[in-house]
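Note: hydrogens, waters and symmetry copies are ignored here, and every other heavy atom, side chains too, is used.
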Protein chains: 2
Amino acid sequence: MALEHAILVSLLEQPGSGYELARRFDRSIGRFWTATHQQIYRVLRRMETDGWIAVEAVVQDGRPDKKVYSAADPGRTALADWLREPVEPETVRHELAVKIRAAAFEDPALLIPEVERHRESHATLLARYLTGEQRDFPDPAALGARQQLQHVVLRGGIEYERMTLAWLDDVLATLHRLAD
Amino acid sequence: MALEHAILVSLLEQPGSGYELARRFDRSIGRFWTATHQQIYRVLRRMETDGWIAVEAVVQDGRPDKKVYSAADPGRTALADWLREPVEPETVRHELAVKIRAAAFEDPALLIPEVERHRESHATLLARYLTGEQRDFPDPAALGARQQLQHVVLRGGIEYERMTLAWLDDVLATLHRLAD
DNA sequence: ATTGCCTATGCAACTCGTTGCATAGCAGGA
DNA sequence: TCCTGCTATGCAACGAGTTGCATAGGCAAT
């Protein structure tokens, strides 16, 4: 299970509340690990009981109070242990690929708008990544270790989106060929 | 939920038992949709109750009897309906990426053997895909619709593995730089 | 004024997915 | 001969993840 560890990393990078974590998961971390606020709140409570994280109640005015979490020593130890354990290579779950094979038993042209939608959403994401790269890593030569590691993960996201866009073009060409 | 649909596609391509489906999911379909035999048996029973698939008991000698499933009309209809519904763009769950960001809080060099293991496993998979492509699609110009769609999905897998390999090299270079 | 959105946390119920185990006959090798 | 491994199906229990809903104050726009 990596949700605990993803949360720990996020809290080490920057302490925050469950709500803030949920938003980070919607943005940066969610590129490679998704989680809803429900999951996050539940896991935070478990991690707190286990002593992995410390909590501090923060009174705000104009908005609801929040609980700011930060990584505690046992959490860091757990993270270090996990880093030493091998993890399985990731598995992909690609619903669109199922659909493409399914299209052989229906009209393949039916899929064209769907693939185009996907293409657009990947193009948008790629554009966001590239903007973020410009903003956060303008001078790659002058980065600390943490930034270099964040950057290489972002480059992975960028290359994934580029590859996916090219593949979706390939898919569209195939579907058009079959529709003629 | 796409497991039902993935199973339907697989049964349309070729009827088979739960066991055979599980093996197909380990090989070809598992590239983009994984499932254990437990999940498959459970879903098959549900699909049978719903009338999506038909079952025929086959007595074998020298090995246990099996139940051979095939797609029924209501299943085909359900698949056609699903094809017309939009699906969400896939989400990636990349544990290694979490580890890479976590490495900033430990010794980054620790990750090198792990990344190399992943690199090797992706290289092996790519080799298998390429061999399979040679075997199943030797003459891309002479393929029917079904084969063309299967082929474009396989090309997606191939490009994914190529991209991942290049990225893992990038990660290794970054880790080595940080270790100096 | 009302509507809708944002911050912030949480419960309850559900489905999906994993893990460990069980059965059972047959084949092949040490 | 025993052990391992393959075919074939399944139960039981658990853990992960999703969905719908609830509360509650503040802010901005219509």
Side-chain angles (χ1 to χ4, degrees), chain A residues 1-7 10-11 15-27 29-30 32-50 53 55-69 82 87-95 98, chain B residues 1-7 10-11 15-27 29-30 32-50 53 55-69 82 87-95 98:
Chain A
M1 232 291 288
L3 182 53
E4 275 98 333
H5 304 111
I7 288 177
S10 193
L11 289 178
S17 67
Y19 188 80
E20 281 159 1
L21 281 168
R23 296 185 58 220
R24 285 185 222 167
F25 272 79
D26 272 350
R27 289 179 284 128
I29 306 174
F32 46 87
W33 205 271
T34 55
T36 62
H37 78 276
Q38 274 309 324
Q39 262 176 286
I40 290 168
Y41 282 122
R42 224 187 314 171
V43 171
L44 280 174
R45 243 172 300 153
R46 183 168 66 220
M47 289 169 81
E48 203 213 319
T49 334
D50 294 348
I53 53 177
V55 63
E56 196 199 352
V58 173
V59 181
Q60 305 182 105
D61 56 52
R63 45 181 71 178
D65 301 352
K66 64 178 176 179
K67 301 183 192 169
V68 172
Y69 293 94
W82 174 69
V87 292
E88 287 305 300
E90 78 287 352
T91 51
V92 183
R93 304 210 112 196
H94 215 305
E95 216 167 341
V98 180
Chain B
M1 235 291 288
L3 182 54
E4 276 98 332
H5 303 112
I7 288 177
S10 193
L11 289 179
S17 68
Y19 187 81
E20 281 159 1
L21 281 168
R23 296 186 58 220
R24 286 185 220 167
F25 271 80
D26 271 350
R27 290 179 283 129
I29 305 175
F32 46 89
W33 205 270
T34 54
T36 61
H37 78 276
Q38 274 309 323
Q39 264 177 284
I40 290 167
Y41 282 122
R42 226 188 311 171
V43 171
L44 279 174
R45 243 172 301 152
R46 185 169 64 221
M47 290 168 80
E48 203 211 320
T49 333
D50 295 348
I53 52 177
V55 64
E56 197 198 351
V58 172
V59 181
Q60 305 182 107
D61 58 50
R63 43 181 69 181
D65 301 350
K66 63 179 178 180
K67 302 182 191 169
V68 172
Y69 294 93
W82 175 69
V87 293
E88 286 305 301
E90 78 286 355
T91 52
V92 183
R93 307 211 109 196
H94 215 305
E95 215 166 344
V98 180

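- The distance between atom CG of B:L3 and atom P of C:dT18, rounded to the nearest whole Å, is 10 Å.
- No donor-acceptor pair under 3.5 Å is formed between the side chain of A:R93 and the backbone N or O of B:E90.
- The shortest distance between side-chain heavy atoms of B:K67 and B:E48 does not fall below 4.5 Å.
- For the pair B:Y19 and D:dT9, the criterion of a side-chain N or O lying under 4.0 Å from OP1 or OP2 is not met.
- For B:E56, the side-chain contact (heavy atoms from CB on, under 4.5 Å) test picks out no residue, with sequence neighbours left out.
- Put simply, CD1 on B:I40 is 11 Å from P on C:dG17, counting in whole angstrom units.
- Remark: C1' of D:dG17 and CD of B:E88 are 16 Å apart, rounded to the nearest angstrom.
- Candidate nucleotides C:dT9, D:dA8, D:dC11 were compared by shortest atom distance to the side chain of A:K67, and C:dT9 ranks first.
- The side chain of B:Q39 places an N or O atom within less than 4.0 Å of a non-bridging phosphate oxygen (OP1 or OP2) of C:dG17.
- Residue A:T36 holds its OG1 atom at 7.5 Å from CZ of A:R42, rounded to the nearest 0.5 Å.
- Heavy-atom distances to DNA chain D give each of B:R42 and B:S17 a nearest nucleotide, and the one nearer the 5′ end belongs to B:S17.
- D:dG17 atom C1' lies 8 Å from atom CZ of B:R93, rounded to whole Å.
- Computed from coordinates, the A:Y41 OH to D:dT19 P distance equals 18 Å when rounded to whole Å.
- A:I29 has its side chain out of reach of A:I7: every pair of non-hydrogen atoms, C-beta onward, lies at least 4.5 Å apart.
- The base of D:dG17 has none of its N or O atoms less than 3.5 Å from a complementary donor or acceptor on the side chain of A:Q38.
- For the pair B:R46 CZ and D:dC11 P, the computed distance is 14 Å after rounding to whole Å.
- When the side chain to side chain donor-acceptor pair (under 3.5 Å) test is applied to A:E4, the partners found at least two apart in sequence or on another chain are A:R46.
- Atom C1' of nucleotide D:dT18 and atom CG of A:D26 are separated by 14 Å, given to the nearest angstrom.
- A:W33 places none of its side-chain heavy atoms less than 4.5 Å from the side chain of A:H5.
- Taking atom NZ of B:K66 as the reference point, atom C1' of D:dT9 lies 13 Å away to the nearest angstrom.
- The B:Q60 side chain lies nearest to D:dT7 when the options are D:dT7, C:dG10, C:dA8.
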* **Nucleic acid footprint by protein, nucleotides 22-27 of chain C - heavy-atom cut-off 4.0 Å, B for base, S for sugar-phosphate alone** => ----S-
